[in-house]
Amino acid sequence: MSEITVLAVVSEIYPLIKTGGLADVAGALAGALAAEGVAVVTLVPGYPAVMSKINAAEPVLIEPDLFGGGAQVLRANAAGLDLFVLDAPHLFARPGGPYMGPDGLDWPDNPFRFAALCQIAARLALGECPQFRPGIVHGHDWQAGLTAAYLAYDGRPRPATVITIHNLAFQGQYPASLLAPLGLPPRAFVLEGVEYYGTIGFLKAGLSLSDRITTVSPAYAAEIRTPEHGMGLDGLLRARSDCLTGIVNGIDDAIWNPEQDAWLAAPYSFETRAKRGLNKAALQKLFGLAADQDAPLFGVVSRLAWQKGIDLILANLDLIEQIGGQLAVLGSGEASLEEAFRAAAKARPGRVSAMIGYDERMAHMIQASADALLIPSRFEPCGLTQLCAMRYGAVPVAARVGGLMDTIIDANEMAIASSLGTGILFSPVTSGGLGVAIERARRLWDAPKVFDRIRANGMKTDVSWRRPAAAYARLFRELASAGTR
Ligand code: ADP
């Protein structure tokens with residue numbers, strides 16, 4: 001198996017900087033591809049969180065003026081990741097998140113911040129860093145979208161390009177007047193280029209100009225070609241159907257390993273999964289829920305956002321109480337949803353509890369304690385929390401959309417008869433639909449052997465990166481074998 005080199009381009013990577021699943025994927029996929037003979041070097045912005053964690057950084061490219069300030073590219077290692085870090089203090093050295101300031105508003109110079117990432121990616125792809133000649137450039141989401149544009153309009157022979165859609169809802173759309181300031185030629189402003197409904201579309205450019213498009217599940221790859229889920233890009237995606245494939249995500253099964261998870265009150269294996277009860281007791285105490293092993297404990301680990309159907313959970317709080325259940329929520333996001341959960345916890349002491357914030361340790365504890373994990377997403381490109389839930393033995397109760405339906409086997413009558421079910425899928429994605437699913441969960445809970453079989457099936461499912469990484473490796477090899485374009 002010949003070794004190939006991939007330049008990955010991404011705006012966040014676990015464990016250096018993370019706002020969601022994108023970071024998990026970027027971090028874990030790089031490691032999993034190494035086992036497939038694919039060497040990944042990842043270009044990331046030099047946010048303070050990244051700069052503080054890298055060591056032995058060598059400058060490999062110096063740029064005196066990158067959109068209004070000096071910049072250098074550092075070759076670095078951190079947490080086992082092989083990196084290029086774009087150290088551009090005028091763009092990235094600031095407090096706040098990768099995309100938003102402390103005021104919760106997008107950074108006004110985001111088009112330049114991520115165009116800078118893409119411009120540097122293109123230069124690395126074209127071999128401007130000695131000894132680095134990638135066979136493939138792999139961009140993730142809109143922040144990497146312009147990479148393919150800079151390469152296309154440069155004109156020099158270039159490696160093959162792949163863009164992966166993690167969430168079509170975020171597109172990076174900016175005024176047409178930025179064309180020249182972003183260093184794009186007038187001929188780029190066409191339907192086949194960066195033009196998007198009269199504006200510049202970063203993701204659109206990546207989808208138009210990359211050789212291949214992947215997204216994070218086959219079901220989402222089908223959904224986004226429909227007007228209902230295409231978010232304005234369905235026409236383009238239909239036109240490029242031949243180049244579009246879905247590959248489900250995995251999770252890092254070393255980070256998510258209940259047997260060796262120091263964050264748990266009681267680590268456990270498949271065989272000793274009954275010890276989950278000790279974690280449940282600890283979580284009930286920590287969250288101020290009634291100490292009750294018989295109450296089915298529903299967990300939530302999520303961004304609190306419309307996409308995630310969080311309001312549907314709020315609409316089912318009475319039902320969860322009526323069936324004798326408990327709810328433990330970990331999440332942050334929209335202020336109105338955060339407030340609603342705070343109020344619900346106050347109004348339903350011992351039954352509903354919410355921890356508003358972002359807390360890795362608590363996410364592990366909920367997965368190890370909850371009997372079921374609620375995931376009522378209105379759309380879900382892949383979703384990672386259902387994979388973590390299965391690995392930890394929390395039964396996912398999830399909307400029948402996107403990657404959720406590709407990764408969960410609904411425990412319907414026939415699936416139970418054949419010992420196959422790994423969770424509960426529901427549609428329509430409404431409060432009523434979720435209610436029916438919660439009632440199904442309760443009925444299964446009342447048949448402990450059946451419930452434990454579903455739990456066990458989930459724990460036995462391979463949710464690692466092994467199979468997905470092999471699929472990416474096959475794609476990369478096929479493209480690289482065709483040489484430069
Ligand atoms: P998305 O990327 O759309 O937010 P995913 O399910 O793909 O959703 O990935 C979410 C990731 O973020 C998972 O690893 C999940 O455990 C983690 N996560 C989400 N909310 C929190 C939180 N409040 N605290 C800790 N981890 C969280």
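One-based numbering, in listed order, for ligands and for the atoms of each. All heavy atoms count here, side chains included; hydrogens, waters and symmetry mates do not.
Set against the non-hydrogen atoms of G357, the atoms of ligand 1 under 4.0 Å away are 22 (C), 23 (N). Of all the atoms in ligand 1, the ones that sit under 4.0 Å from a non-hydrogen atom of G331 are 23 (N). Close contacts between ligand 1 and G20 involve ligand atoms 2 (O) [criterion: under 4.0 Å to a heavy atom].
Residue D24 touches ligand 1 through its side chain alone, judged by heavy-atom distances below 4.0 Å. The proximity of S302 to ligand 1, defined as any non-hydrogen pair under 4.0 Å, is limited to the backbone. At a 4.0 Å heavy-atom cut-off, ligand 1 touches T385 through backbone and side chain alike.
At a cut-off of 3.5 Å, with distance as the only test, a side-chain donor of Y392 or D261 sits close to an acceptor on the other residue. A side-chain N or O of Y99 and one of S11 form a donor-acceptor pair less than 3.5 Å apart. A donor-acceptor pair shorter than 3.5 Å can be found between the side chains of Q173 and T199. No hydrogens or angles considered: nothing links the side chains of S332 and R303 as a donor-acceptor pair under 3.5 Å. Between the side chains of N167 and Q307, a donor-acceptor pair is found at a separation under 3.5 Å.
Of all non-hydrogen atoms in A328 and I366, the two that sit nearest each other are O-CD1, 4.2 Å. Closest of all the heavy-atom pairs between I255 and H364 is O-CE1, 3.2 Å. N77 and N55 get closest at one heavy-atom pair: O-OD1, 2.7 Å.
Remark: ligand 1 and S332 share no N or O pair separated by less than 3.5 Å (distance only, no angle test). Here's the thing with L22: none of its N/O atoms is less than 3.5 angstrom from an N/O atom of ligand 1. Polar contact with ligand 1: present for R303 (N/O pair, distance under 3.5 Å). Between K308 and ligand 1, a contact under 3.5 Å exists for at least one N or O pair. At under 3.5 Å, a nitrogen or oxygen of G21, whether backbone or side chain, sits near a nitrogen or oxygen of ligand 1. Residue E380 has no N or O atom closer than 3.5 Å to an N or O atom of ligand 1.
At least one heavy atom of G383 sits less than 4.0 Å from an atom of ligand 1.
Taking atom 24 (N) of ligand 1 as the reference point, the nearest protein heavy-atom neighbour is D359 N, 3.0 Å. Among all protein heavy atoms, the one lying closest to atom 5 (P) of ligand 1 is L384 N, 3.7 Å. Looking at atom 22 (C) of ligand 1, its nearest protein heavy atom turns out to be Y358 CD1, 3.5 Å.
Closest heavy-atom approach to atom 17 (C) of ligand 1 within the set K18, Q386, E360: this belongs to K18.
W306 CH2 to S377 OG: the interatomic distance, rounded to the nearest 0.5 Å, is 10.5 Å.
Applying the ring pair (Phe, Tyr, Trp, His ring centres under 6.0 Å) test between W142 and each of Y196, F170, F114 identifies F114 as the sole match.
Using a distance-only test at 3.5 Å, with no hydrogens or angles considered, no donor-acceptor pair links the side chain of R378 to the main chain of V401.
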